[in-house]
Amino acid sequence: MNLFEHYKKLLSKYGAQGWWPLIELHKNNINPTKTGSMNGYHPNDHSYPKNNKQIFEICLGAILTQNTSWTNVEKAVMNLNDLNVIDPYKIIDESEDKIKLAIKPSGYFNQKYKKIIEFCKFFIKLKENQIPTREELLELWGIGFETADSILLYAYRIPVFIVDTYTKRFLISLDLIQKDWDYNKIQELIENDLGKNIKDDQKVIIYQEFHALIVEYNKRIK
DNA sequence: TTCCAGGCAATAC
DNA sequence: GTATTGCATGGA
């Protein structure tokens with residue numbers, strides 16, 4: 001069974017996941033049956049992000065969710081929203097103590113504060129409609145492969161497959177990779193495999209959905 | 001109480 | 001060059 005068939009199987013089993021969750025959709029409660037949380041998802045609506053603020057919000061979430069459950073990140077994002085600082089200039093201008101208190105529920109708040117400030121400075125320097133490259137993101141302190149690819153795929157709709165611990169576990173269970181494979185090697189395998197069965201203009205949507213489905217699958221089998 | 005969650009950088013070896 | 005450790009909260 002190729003990876004596209006695994007994708008279709010998970011999709012039929014769990015339904016469209018509609019990542020990345022956004023504050024604006026938080027009240028919609030579109031998918032209340034989702035494991036673990038939460039609202040803000042937009043299954044079968046691939047028109048997000050709709051503006052620069054939502055792009056920035058996704059980037060923030062990608063940093064805050066490093067090694068942390070989304071329910072904890074959700075609290076942090078909502079706190080930032082309550083402070084009205086989902087904006088790189090406002091985060092930099094706001095006091096360090098207030099931002100750290102807001103993001104505290106997501107854990108590692110000292111490190112994540114520093115990561116967010118670094119990212120804000122970078123984000124501000126981007127020109128209108130400029131899309132950051134993977135290399136530029138990886139140069140930033142606090143941004144590794146997964147965070148960079150999450151930002152590219154969900155905030156900027158660039159077709160790169162996100163390899164997280166769940167994805168790795170999933171592929172090991174299918175005996176498609178070994179434990180010692182590094183990030184980029186795994187990513188190459190996935191993209192090559194899927195590339196045989198999907199067209200270029202479908203990649204972003206399927207990469208977004210498949211990654212989210214793998215996360216959902218791993219949460220449910222526990 | 002222990003373990004882990006939508007990782008990453010610093011340090012040790 | 002690879003393996004281990006520190007970072008921190010909240011829920012199961």
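Letters A, B, ... mirror the listed sequences (proteins, then strands); counts begin at 1.
Spacing between atom NZ of A:Lys112 and atom P of B:dG6 amounts to 11 Å, rounded to whole angstrom units. Summarising the geometry, the separation between CD1 on A:Ile151 and P on B:dC8 is reported as 10 Å, rounded to the nearest angstrom. As a whole-Å value, the separation of A:Asp182 CG from B:dC8 P is 14 Å. Rounded to whole Å, the distance from CD1 on A:Ile186 to C1' on B:dG7 is 14 Å. Between A:Gln17 atom CD and B:dG6 atom C1' the separation is 12 Å, expressed in whole Å.
Using atom C1' as the reference point in both C:dT2 and B:dG6, the two lie 25 Å apart (nearest Å). C:dG10 sits 22 Å from B:dC8 when the P atoms are compared, rounded to a whole Å. Comparing B:dA10 with C:dA8, their P atoms sit 14 Å apart, to the nearest whole Å. As rounded to the nearest Å, C:dT5 and B:dC3 have P atoms that lie 15 Å from one another.
When hydrophobic clusters are built by joining Ile, Leu, Val, Met, Phe, Trp and Tyr residues whose side-chain heavy atoms come closer than 4.5 Å, directly or via intermediates, A:Val160 is grouped together with A:Leu138.
Exactly one of A:Ile92, A:Asp87, A:Ile86 qualifies for a side chain to side chain contact (heavy atoms under 4.5 Å, CB included) with A:Lys90. That residue is A:Asp87. Of the candidates A:Phe210, A:Tyr217, A:Tyr14, A:Phe210 is the only one forming a ring pair (Phe, Tyr, Trp, His ring centres under 6.0 Å) with A:Tyr7. Tested against A:His42, the residues A:Tyr48, A:Trp19, A:Trp20 include a single ring pair (Phe, Tyr, Trp, His ring centres under 6.0 Å) partner, A:Tyr48.
The minimum heavy-atom distance linking A:Pro21 with A:Tyr41 is given by the pair CD-CE2, 3.6 Å.
Among the protein residues, A:Ser106 comes within range of no part of the nucleic acid, since none of its heavy atoms lies under 4.0 Å from any strand. At the heavy-atom level, A:Asn110 lies under 4.0 Å from the strands shown only through sugar-phosphate atoms.
In summary, A:Lys100 and A:Asp97 do not engage in a salt bridge, as defined by a charged side-chain N under 4.0 Å from a carboxylate O.
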Let me have the donor-acceptor pairs involving side chains of residues 171-182 of chain A, under 3.5 Å, with sequence neighbours excluded, atom names and distances please.
unit_1   : atom_1 : unit_2   : atom_2 : d
A:Ser173 : OG     : A:Phe170 : O      : 2.6
A:Asp182 : OD1    : A:Asn184 : N      : 3.3
A:Asp182 : OD1    : A:Lys185 : N      : 2.9

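Checked by atom type, the side-chain pair A:Lys112/A:Thr68 shows a donor-acceptor distance below 3.5 Å.
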Listing time: all N or O pairs from protein to nucleotides 9-13 of chain B that are below 3.5 Å?
unit_1 : atom_1 : unit_2   : atom_2 : d
B:dA9  : OP1    : A:Gly142 : N      : 2.9
B:dA9  : OP1    : A:Ile143 : N      : 3.4
B:dA9  : O3'    : A:Trp141 : NE1    : 2.8
B:dA10 : OP1    : A:Trp141 : NE1    : 3.3

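The CD atom of A:Gln208 lies 11.5 Å from the CG atom of A:Leu213; values are rounded to the nearest 0.5 Å. A distance of 5.0 Å separates CD1 in A:Ile151 from CD1 in A:Ile63, rounded to the nearest 0.5 Å. Atom CD1 of A:Ile214 sits about 10.0 Å away from atom CD1 of A:Ile162, to the nearest 0.5 Å. With values rounded to the nearest 0.5 angstrom, A:Arg157 atom CZ is found 14.0 Å from A:Tyr207 atom OH.
Heavy-atom distances under 4.0 Å link DNA chain B to A:Tyr166, A:Arg169 of residues 166-177 of chain A, given in residue order. Contact check of residues 52-67 of chain A against DNA chain B (heavy atom, cut-off under 4.0 Å) returns A:Thr65, A:Gln66, A:Asn67.
Residues that satisfy the salt bridge (charged side-chain N to carboxylate O under 4.0 Å, His left out) test with A:Lys125, not counting sequence neighbours, are absent from this structure.
Aromatic stacking is marked for A:Trp19 over B:dG6, as both cut-offs hold: 5.5 Å for the centres and 30° for the planes. For B:dA5, the base is not stacked against the aromatic ring of A:Trp70, per a cut-off of 5.5 Å between centres and 30° between planes.
For B:dG7, the OP1/OP2 oxygens have a side-chain nitrogen or oxygen of A:Thr165 closer than 4.0 Å.
Between the side chain of A:Tyr156 and the backbone N or O of A:Pro132 there is no donor-acceptor pair closer than 3.5 Å.
Mapping heavy-atom proximity under 4.0 Å, the span of DNA chain C touched by chain A runs 5' to 3' from C:dG6 to C:dG11.
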